[in-house]
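These notes are about the structure you will find just below.
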Protein chains: 2
Amino acid sequence: MNIKEAIDLLKDKGYKTTGKRKDILAYFEKADGYRTAKDLITYLENSYEGISFDTIYRNLHLYNEVGILESTELNGEKHFRMNCTHHHHHHFICNECGKTKEIEVCPMDEVQQSLANYAIEGHKFEIYGLCPMCKGA
Amino acid sequence: MNIKEAIDLLKDKGYKTTGKRKDILAYFEKADGYRTAKDLITYLENSYEGISFDTIYRNLHLYNEVGILESTELNGEKHFRMNCTHHHHHHFICNECGKTKEIEVCPMDEVQQSLANYAIEGHKFEIYGLCPMCKGA
DNA sequence: ATACATGCAAACAATTTGCATATTA
DNA sequence: TAATATGCAAATTGTTTGCATGTAT
């Protein structure tokens, strides 16, 4: 998902495109990885003195609802990233910088048979560690 | 891990074996799946009027530290289960009752090569849904 | 002009901590 | 009795909500 798609999606659904909304999109596009509400507000405080967590959370929640962002929970905090809608995949997530790398392997095919009488509703496969950049430093 | 092993482990490390501590172990042994602090306190309140969350959390934390329990985060709440130390595996987790089923498939072998320059520190593979019991009901 | 967005303040839920007291080894 | 466990109360952290006001369409 890119900024233009996201803005169109918001407009389609009747949401307004404010400066903050655009800047949030820009932030996540540039981030290319998982970020927390705290990360985001720290960034936005530069441009928007007095911006509050409720706005942050309301927008994160909205973006998550409409599919602009996807989220995962790490150490008791929600982390968000631009949604990659193109195809099913998983992520390596850098513990240091939050950047992600797509992992094409999905183990679900192999697993199905052993869960014959179960109703599978979802799954999560994530790999954590240090990306080459953070590993080097 | 069974209750006896757990108690020995606690004693070895100089921790005391109180009635609550034993009951917590019994609870998780019987549960055979993931449970929250809330689940646990609800159960313990029957036997221990006035038991408080701080005791619950302190013990969950302790058990997690020494390896009696393992934990995962689901919907903003920590969930705990008896630690299965015997071998590496993953879990199917029932969204309804929290019971788990071991999954022997681990995708990490296939993944290694695509992360050549990364330092892998951990991974998570969980499947969510309904177990046969809850599916039937 | 009207609906949606935001700030403020306050509430919430999950979890943690300091301190005094109670209990186990 | 000496060290650990617990309860109480209060604090912390992450997140959400009601309400009045501000702003985009």
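Sequence lines set the chain letters: A, B, ... in the order given, protein chains first and strands last, and positions in each chain run from 1.
An OP1 or OP2 oxygen of dT6(C) is reached within less than 4.0 angstrom by no side-chain nitrogen or oxygen of T55(A). Note on N59(A): a side-chain N or O is less than 4.0 Å away from OP1 or OP2 of dT6(C). Between dG7(C) and K20(A), a contact under 4.0 Å exists linking OP1 or OP2 to a side-chain N or O.
For L130(A) against C94(A), the heavy-atom pair with the smallest separation is CA-SG, 3.9 Å. Across all their heavy atoms, F28(B) and R81(B) have their closest contact at CD2-CA, 4.1 Å. Closest heavy-atom contact between R35(B) and Y27(B): CD-OH, 3.3 Å. Across F125(A) and P107(B), no two heavy atoms sit closer than the pair CZ-CG, 3.4 Å.
With rounding to whole Å, Y48(B) atom OH is found 18 Å from dA22(C) atom P. Per the geometry, CZ belonging to R21(B) stands 11 Å off P belonging to dT24(C), to the nearest Å. Between the NZ atom of K22(A) and the P atom of dT6(C) there is a distance of 12 Å, given to the nearest Å. As a whole-Å value, the separation of N75(B) CG from dG14(D) C1' is 15 Å. Residue I41(A) contributes atom CD1, which lies 11 Å from atom P of dC8(C) at whole-angstrom precision. Rounded to whole angstrom, the span from the CG atom of L60(B) across to the P atom of dT17(C) amounts to 14 Å. Taking atom CG of residue L10(B) and atom C1' of nucleotide dA25(C), one finds them 14 Å apart after rounding to whole Å. If you measure from atom CD of E65(A) to atom P of dT16(D), you get 11 Å, rounded to the nearest angstrom.
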* Reading DNA chain C 5' to 3', how would its secondary structure be written in dot-bracket notation, given Watson-Crick and G-U pairs with both distances under 3.5 Å, brackets [ ] for crossing pairs and | for partners on other strands? -> |||||||||||||||||||||||||
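Pairs passing the side chain to side chain donor-acceptor pair (under 3.5 Å) check and including a residue from residues 103-114 of chain B, sequence neighbours excluded, read H87(B)-E104(B). Listed by first and then second residue, the side chain to side chain donor-acceptor pair (under 3.5 Å) pairs that reach into residues 117-137 of chain B are N95(A)-E121(B), T72(B)-K124(B), T72(B)-E126(B), H88(B)-H123(B), H90(B)-H123(B), E126(B)-Y128(B), sequence neighbours excluded. Residue pairs meeting the side chain to side chain donor-acceptor pair (under 3.5 Å) criterion with at least one member in residues 45-55 of chain B, sequence neighbours excluded: D23(B)-Y48(B), S52(B)-D54(B).
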* Structure fact -> Under a 4.0 Å heavy-atom criterion, the protein footprint on nucleotides 10-16 of chain C, written with B, S and -, is ----SBB
* How would nucleotides 19-25 of chain D be written as a contact map, 5' to 3', with B for base contact, S for sugar-phosphate-only contact and - for no contact, using protein heavy atoms under 4.0 Å? -> -----BS
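L40(A) and L74(A) sit in two unconnected hydrophobic clusters of ILVMFWY residues. Membership requires side-chain heavy atoms under 4.5 Å apart, directly or through other members. Cluster membership check: M133(A) does not share its hydrophobic cluster with L115(B), using side-chain heavy-atom separations under 4.5 Å among Ile, Leu, Val, Met, Phe, Trp and Tyr.
Side-chain contact annotation: T36(B) with D39(B), donor-acceptor N/O pair under 3.5 Å present.
Ring geometry, H86(A) versus H89(A): the interplanar angle falls from 30° to 60°, so the pair is classed tilted.
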